[in-house]
Amino acid sequence: MVNSEKNKINILNSCREEITDEESIRQLDYIDKARSIVSKYEKELGRKPRACVVTFGCQMNARDSEKLLAALKLVGYEETDSEDAEFVIYNTCTVRDNADQRVLGRLGQCSNFKKKNPLMKIAICGCMMQEPGAVEKIKKSYRFVDLIFGTHNIYKFAELLYTTLCSDKMIIDIWEKTDKIVEDLPVVRKYAYKSGVNIMFGCDKFCTYCIVPYVRGRERSRNPKDIIRECEKLAADGVKEIMLLGQNVNSYANDLRKVDKDAMSFAQLLDEVAKVEGIERVRFMTPHPRDFKDDVIDVIANNPKIARHIHLPLQSGSSKILKRMNRSYTKEEFLTLAAKIRERIPDVAITTDIIVGFPGETAADVDDTIDVVNKVKFDNAFTFIYSKRAGTPAAKFEDQVPEKEVKENFDRLLKVVQETAKEQAAKLLGRCEDVLVEGVNEHDSSLMTGRMSNNTLVHFPGGEELIGSFVKVKLTECHGFYYFGEKI
Ligand code: SAH
Ligand code: SF4
Ligand code: F3S
């Protein structure tokens with residue numbers, strides 16, 4: 001029963017009395033109202049109407065999409081992966097220009113389905129909608145869109161959905177900011193055995209290239225009691241692995257501390273979440289190197305339940321560029337931190353994000369980045385070409401780097417990143433590791449695929465009954481980014 005659809009909807013009408021947040025109850029009332037409209041669609045169609053949630057961007061967007069899907073399912077839609085559906089919603093990302101272009105391409109194609117389906121409604125939400133230019137573009141060139149809303153009011157999706165179902169006009173509801181956190185919204189988890197848990201929203205770091213602080217607003221931390229309560233509920237529902245989510249998880253509670261100087265720190269929170277009965281593995285994403293203090297390293301080192309994987313975004317290895325990026329650490333400070341992490345947490349995998357082509361970046365700056373890659377030996381690195389985001393300070397910097405130069409530097413860096421990642425890959429060969437089984441191997445159905453504490457995938461012979469459980473696997477062969485193994 002644990003994996004059933006019903007149980008994956010955390011909050012049902014039958015347990016309203018458990019809900020403490022008034023706004024959340026208000027939204028459940030809209031779900032009831034919308035349900036009566038959707039049941040009429042069901043009669044008309046002779047089947048359940050279908051809803052498709054298309055997600056772009058980071059883990060935070062993925063978690064938001066689980067809330068969108070819950071509302072859609074509660075009002076009576078059936079989930080589908082196809083955009084040939086009665087309700088399609090795009091949850092957008094705007095961190096780089098190509099993310100914007102991808103969503104607009106998909107949206108354009110979706111209008112063809114709408115021409116054939118009079119019941120179809122199309123919605124678009126998320127980070128891109130917090131940019132006034134993007135909303136204007138949709139209003140002007142994508143007239144067929146029925147609903148536009150942003151990141152700050154996603155909690156009122158049920159209400160917006162109801163309004164849209166009652167109207168023929170384009171509904172637009174964008175808030176510039178918010179200080180609100182609404183608890184207890186229904187969620188339909190994508191995976192039965194693992195879940196993200198937001199610990200904070202927004203970002204105050206204002207790296208000069210980054211749009212996130214503008215589209216996600218100021219840092220707002222959730223109350224630790226609410227976080228632990230959510231983790232306990234998830235554990236009771238069969239979840240074994242939790243990923244604590246925030247743009248800067250180690251800035252957690254900086255805002256709460258202004259009113260309560262003893263507010264729980266990120267290190268303490270990590271420890272508390274790991275204590276929740278039934279939770280066997282805890283991950284977090286993303287920490288900022290600047291705030292990565294010893295207390296966090298100690299908690300991880302002392303607690304085997306906390307994953308041996310730290311995603312530590314470098315962005316650049318040049319202190320000059322880091323300063324212009326407003327990252328508040330130098331090349332040397334990053335190297336010291338990475339060395340300390342590797343020393344205190346044996347077997348840890350360190351992964352990173354790197355941007356190439358930030359304004360003013362020279363080949364010598366990229367040499368510095370390559371030097372850091374060679375020294376830290378990242379287990380994996382996501383390399384991005386700098387994308388100019390309107391409204392960020394770096395967009396106004398005059399020394400933008402010519403495309404050809406960026407491409408050359410990018411290729412040079414990528415080569416080293418791949419070499420060092422490969423070197424790191426085989427380091428656990430022959431060992432027995434705890435693996436959380438995620439599913440059947442995509443290419444060979446006699447194999448199962450699972451994830452180790454350090455986030456590496458391993459494929460091994462086994463049956464579907466293992467999905468969602470931890471097994472011990474001996475790592476017998478390494479193939480670059482994944483292993484083959486045997487269950488023991
Ligand atoms: N809060 C996290 C991640 C934010 S976005 C952090 O501080 O690292 C994820 C990644 O996108 C970033 O780490 C960065 O490498 C990349 N990114 C952000 N803005 C970008 C831009 N304008 N151009 C290219 N890459 C960008
Ligand atoms: Fe963007 Fe920097 Fe905030 Fe990360 S820390 S979200 S890169 S502004
Ligand atoms: Fe993208 Fe928004 Fe995440 S811009 S990276 S979806 S916070």
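Whatever order the structure lists them in is the order used to number ligands and atoms, beginning at 1.
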Quick test of your reading of the model: are Asp367 and Lys331 salt-bridged, counting only N-O distances below 4.0 Å? no
A student checking ligand 1 against Tyr386 at a 4.0 Å heavy-atom cut-off should list atoms 23 (N), 24 (C)
### Query
Within a radius of less than 6.0 Å around CD of Glu332, do more than 12 heavy atoms belonging to other residues, nucleotides or ligands occur?
yes
Worksheet item: Is it true that Lys427 and Asp379 have a side-chain N and a carboxylate O under 4.0 angstrom from each other?
Response: yes
Self-check item: pair Val282-Phe284: side-chain heavy atoms closer than 4.5 Å
Solution: no
Please check whether Tyr209 reaches ligand 1 - meaning an N/O of the residue sits under 3.5 Å from an N/O of the ligand, judged on distance alone. yes
Honestly, for Pro213 the part within reach of ligand 2 (heavy atoms, under 4.0 Å) is side chain
Handout entry: Between Phe206 and Tyr214, ring centroids under 6.0 Å
Key = yes
Within 4.0 Å of some non-hydrogen atom of Val212, the atoms of ligand 2 are 6 (S)
Counting from 1 in the order shown, the ligand 1 atoms closer than 4.0 Å to a non-hydrogen atom of Arg389 are 22 (N)
Is any side-chain heavy atom of Thr286 closer than 4.5 Å to one of Cys58? no
min-distance protein heavy atom vs atom 7 (S) of ligand 2 -> Tyr209 OH, 3.3 Å
Gln247 heavy atoms within 4.0 Å reach ligand 2 at atoms 6 (S)
Side-chain donor-acceptor pair present, Ser195, Arg63, cut-off under 3.5 Å: yes
Going by the 4.0 angstrom heavy-atom rule, the piece of Cys207 near ligand 2 is both
Taking 2.8 Å as the cut-off, does an N/O/S atom of Cys58 lie below it from atom 3 (Fe) of ligand 3?
yes
Min over Asn248, Asp291, Thr208 of heavy-atom distance to atom 5 (S) of ligand 2 lands on Asn248
The answer for which part of Phe206 has a heavy atom under 4.0 Å from ligand 2 is backbone
Note: ligand 2 atoms sitting under 4.0 Å from heavy atoms of Cys210 are 1 (Fe), 6 (S), 7 (S), 8 (S)
Margin query: We want to know whether Glu280 and Tyr193 form a side-chain donor-acceptor pair, criterion being a heavy-atom distance below 3.5 angstrom.
Written below: no
### Query
How about Asp260: does its CG atom have over 12 heavy atoms from other parts shown lying under 6.0 Å from it?
yes
Among non-hydrogen protein atoms, atom 7 (S) of ligand 3 lies closest to Gln247 NE2, 3.2 Å
Check: of Ile385, Val212, Asp353, min heavy-atom distance to atom 10 (C) of ligand 1 comes from Asp353
- Query: Does Cys93 bring an N, O or S atom to within less than 2.8 Å of atom 2 (Fe) of ligand 3?
  - Reply: no
> Would Asp291 and Lys205 pass as an ion pair if we require N to O under 4.0 Å?
Replying inline: yes
request  = Verify the distance criterion only: is there a donor paired with an acceptor across the side chains of Asn61 and Thr55 at less than 3.5 Å?
outcome  = no
Among Arg327, Arg216, Gln315, His288, the residue with a heavy atom nearest to atom 4 (Fe) of ligand 2 is Arg327
At under 4.0 Å between heavy atoms, what of Met128 touches ligand 3? The answer is neither
Checking heavy-atom distances from atom 6 (S) of ligand 3 to each of Asn61, Thr151, Asp100, the winner is Asn61
Note: ligand 1 atoms sitting under 4.0 Å from heavy atoms of Gln247 are 1 (N), 2 (C), 3 (C), 4 (C)
For Cys127, the atoms of ligand 3 under 4.0 Å from one of its heavy atoms are 2 (Fe), 4 (S), 6 (S), 7 (S)
re atom 8 (O) of ligand 1, the protein heavy-atom contact at minimum distance is Pro313 CG, 3.1 Å
Could you check, using the six-membered ring where one of them is a Trp, whether Phe157 and Phe149 have ring centers closer than 6.0 angstrom? yes
With a cut-off of under 6.0 Å to the ring centre and 45° to the axis, is Arg102 in cation-pi contact with Phe56?
no
One finds that the ligand 1 atoms under 4.0 Å from a non-hydrogen atom of Gln315 are 8 (O), 12 (C), 13 (O), 14 (C), 15 (O)
Any atom of ligand 3 sitting under 4.0 Å from a heavy atom of Met60? no
Short version for Ser387: what comes under 4.0 Å of ligand 1, heavy atoms counted, is both
So the atoms of ligand 1 within less than 4.0 Å of a heavy atom of Arg96 turn out to be 11 (O), 16 (C), 17 (N), 23 (N), 24 (C), 25 (N), 26 (C)
Quick note on ligand 2: atoms under 4.0 Å from a heavy atom of Cys203 include exactly 3 (Fe), 5 (S), 6 (S), 8 (S)
Original post:
Does the cation-pi check pass for Arg96 over Phe384, that is, NZ or CZ under 6.0 Å from the six-membered ring centre and within 45° of its axis?
Top reply: yes
From the list Leu234, Leu245, Val239, Ile228, side-chain contact (heavy atoms from CB on, under 4.5 Å) partner of Val197 resolves to Leu234
Under 4.0 Å from one or more heavy atoms of Arg327, ligand 1 contributes atoms 7 (O)
The atoms of ligand 1 lying under 4.0 Å from a heavy atom of Val95, numbered in the order shown, are 5 (S), 18 (C), 19 (N), 20 (C), 21 (C), 22 (N)
### Glu230/Lys233 ion pair, N-O < 4.0 Å
no
